[in-house]
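Keep in mind that the numbers below use all heavy atoms, side chains included, and drop hydrogens, waters and symmetry copies.
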Amino acid sequence: QNEKNPVLKMLGKPFKQYGALKVIGILCAGYIACMTFTPIGTFGTIGGLVSPNGFIIDPASEERTKAGVVLWKGSLRTVVAATPLQMVLLAISRCSAFFIYPSLVLVFTTKFRASMEMIAQSPIGMFTYDDLHELHVFCGWLCMTDGCIHTIMHLTRWIVQGNFELVVESRTGLSGLVSVICILLVGLPMGWERIRSRIRFETRKYIHYLFVVFCIAMAFHAPISGWPNGGFAPLVFPILILWWALDTMYVCFYMTERIGTSVFHVVPTGVQLTMKVSERFQRNAPDGGYCYINLPWISKTQWHAYSLFENPANPAERQIYMQKLGDWTTDVLGALQRDTHRPIWICGPFSSPYDNAAESDNQILVAGGIGITPAISVMRKHQDSRRSNLIWACRDPHMLEFFVKHGEFSRRGWNMIFYTGKQALYVGDTSEIVTSNGALVHIVRARPNLEDLIPNIIYSIESGEYVPEAFISEIKADAIGQLQEKLDELDELSLTSQQKMTELINYSNDLGFLFTDLMAEIVKDDKNPDLLAPTASDGEEKKESNRATMLSKIQGYKSTARMTVRKSMARGTLGPKAGLRSRATATWKAVESGMDTWMEDFEANMFKPWKEDSSEAREYVDSLDRKRVLETWGCLYCGGQGPLANALQKTTKQYGLSVALESFKW
């Protein structure tokens, strides 16, 4: 039942998370209980409503008591409770109202984008919740359910008294009726999947603006003269509306910019957008985050949130990937039948839970579908300072191929793509791909099993036996060997050094490496730092001399590279559980016969976190010190709130790993 009912599913979390919010709500409920259900005069003139007979009535007027109202500090209050049942009903209604006061405030402020971004970038951000959208959803469900309980208790009490007309004849009843209708219209279309799936996003979004009517109604729900025994609504809700208006104006005028020329690259199931952003944008979000996009030639009123990742070739550019999922993205893909340049508006940037990646030395980035975009940004940002491991579940072949070609994957971690689509990939049945930045990507045609994957990843790295970069370095060594063979072929042709260099650069790209990366390995101990990048002021003689020197170094690398491989064989760094002598022989023959054979041997003998039995890894991870070792590991997730997210939360809880989830499920 907890899986089927969205209300129970969301409200099943209070005992597991948002503890501070729960405690503050209980304190607020306790406060109003004391102010209401203590004898008159207990707190002087500000609190205590119980008469000497033990009930809440108007001692000065029996007529007002029968009408269901009490004259309190010059205002009529609909709080009469003349029987034990009525006292119980009033207690539930009053306490439930004040219990949700913190949630009422947070359901608004979590969407004050400029204010929340300012807090996130300050020391106060250390004490806030990471996923504000999840908090917003939780508070929304709590306000809606608790608000309904509050309303039902009041209505039942008035029916028992025979004063049901108070619903429309009193300010409290009428404003409460408007408020509960608004909160149901705002909450149900966004939160209940059965309703949500039948209403367009834009329609749901416009209905959401009924929160303004809700705030206005709540501002008149209770007289301010009752403060501090109630009377908070006329203060709280006008402040929230004013705050929202100021925040919205700041976002509109200071965090929104028009980009006149943006590049749209179209693939069959999505669109990649590349845009040059302002210095303000770059300064506020040098890496990652998300923004809101408006395409005025599709709709001038629709803004949609997308994760950002950087263009490795141009730090001033940001990129997003729009997958065809809903009505708006379908319209976008329909309007863009080919690559084009169009104007857009962007709003942001804003922080995301993925910004917590910097807190962990070892990262496990779990992504579902389009959730790969923040992971790409994290891997690029922490390429040299953190160890990022990727687990990406994807069923769209076009999106997979796009990010394999254009994404910057980790060179020091496991990159595993779990392809669950039915269409054939452009790489055919290949299981390993070396990307343009020299990272090794494993394509697994199955669904990820996080219960095995996560302990296997931690085991492979913490034990030091199967670290991913050990394999990658051998692949690079073999690529350099092939580069030398290519140079042997070019030496037989009548080519200049510049022509040979051009051929070698293109050949390096075909091998999956940048030529400069391969040369960096060769000349890393060279005393001439200008060898790789001669400046524009250098004369042609020096450039030609550098080319000749580089070519000679490639010629002399073959024996060194093979010796490196042999030493690696002796150390046993190429794979687990096989005899060192037999593995060395097999791998040496692979190097001799070329890259394809080497990769086949590599695939057959390497440690595979997605295939290995995790029983040994589980025992090993359980034996690690959670405070000193496992605290250096962190998991981050972006994608839909489905089985993958649930499995991640279950596995991280088992091993005491931190986890941050990012979702834009609207």
Is it true that a side-chain atom of Trp392 and a backbone atom of Val366 form a donor plus acceptor pair closer than 3.5 Å? no
In a table with atom names and distances, give each donor-acceptor pair under 3.5 Å that connects a side chain of residues 85-95 to protein atoms at least two apart or in another chain.
{"from": "Gln86", "atom 1": "OE1", "to": "Ala82", "atom 2": "N", "distance (Å)": "2.9"}
{"from": "Gln86", "atom 1": "OE1", "to": "Gln161", "atom 2": "NE2", "distance (Å)": "2.9"}
{"from": "Ser93", "atom 1": "OG", "to": "Leu89", "atom 2": "O", "distance (Å)": "3.2"}
{"from": "Ser93", "atom 1": "OG", "to": "Leu90", "atom 2": "O", "distance (Å)": "2.8"}
{"from": "Arg94", "atom 1": "NE", "to": "Thr36", "atom 2": "OG1", "distance (Å)": "3.4"}
{"from": "Arg94", "atom 1": "NH2", "to": "Thr36", "atom 2": "OG1", "distance (Å)": "3.1"}
{"from": "Arg94", "atom 1": "NH2", "to": "Asn229", "atom 2": "OD1", "distance (Å)": "3.1"}

Strictly distance-based, threshold 3.5 Å: is any side-chain N or O of Lys73 a donor or acceptor partner for the main-chain N or O of Trp227? yes
The test is side-chain hydrogen bond (donor to acceptor under 3.5 Å, both in side chains); show your working for Ser225 and Ser75 and say whether it passes. CA-CA 7 Å; Ser225 61; Ser75 300; 2.5 Å; yes
Using a cut-off of 6.0 Å, state whether more than 12 heavy atoms not belonging to Leu242 lie near its atom CG. yes
With side chains defined as the heavy atoms from C-beta onward, is the minimum distance between Phe281 and Ile346 less than 4.5 Å? yes
Determine whether the aromatic ring centres of residues Tyr101 and Phe98 are separated by less than 6.0 angstrom. yes
Give the intermediate values and the outcome of ring pair (Phe, Tyr, Trp, His ring centres under 6.0 Å) for residues Phe112 and Trp243. CA-CA 8 Å; Phe112 294 170; Trp243 188 356; 5.1 Å; yes
Tell me whether Glu117 contacts the main-chain N or O of Ser351 through its side chain, where contact means a donor paired with an acceptor under 3.5 Å. yes
Glu62 bridged to Lys66 by N-O distance under 4.0 Å: yes
Reported OG-to-CD1 distance for the pair Ser307 and Ile376, which is rounded to 0.5 angstrom: 11.5 Å
Any donor-acceptor pair under 3.5 Å linking the side chain of Ser388 with the backbone of Met379? no
Is any side-chain heavy atom of Leu648 closer than 4.5 Å to a side-chain heavy atom of Ile391? no
Phe253 backbone acceptor or donor facing Thr256 side chain under 3.5 Å: no
May I ask you to decide if Trp345's main-chain N or O and Asn294's side chain share a donor-acceptor pair within less than 3.5 Å? no
Residues Tyr129, Thr110; criterion side-chain hydrogen bond (donor to acceptor under 3.5 Å, both in side chains); working and verdict: CA-CA 10 Å; Tyr129 293 108; Thr110 49; over 6 Å; no
Measure the shortest side-chain to side-chain distance between Trp244 and Lys111 over non-hydrogen atoms and say whether it is less than 4.5 angstrom. no
Exam field: side chain Arg157 to backbone Val80, donor-acceptor pair closer than 3.5 Å: yes
Donor-acceptor pair, Asn163 side chain versus Leu166 backbone, under 3.5 Å? no
I'd like to know if the side chain of Ser377 reaches the main chain of Thr373, judged simply by a donor and an acceptor atom lying under 3.5 Å from each other, with no hydrogens or angles considered. no
Pairing of Glu310 and Lys381 as salt bridge, 4.0 angstrom limit: no
Could you check whether the rings of Tyr18 and Phe138 sit parallel, tilted or perpendicular, using 30° and 60° as the cut-offs? tilted
Using atom types as modelled and distance alone, determine if a side-chain donor or acceptor of Thr172 lies under 3.5 Å from a backbone N or O of His221. yes
Can you check whether Phe211 reaches Phe108 side chain to side chain, under 4.5 Å on heavy atoms? yes
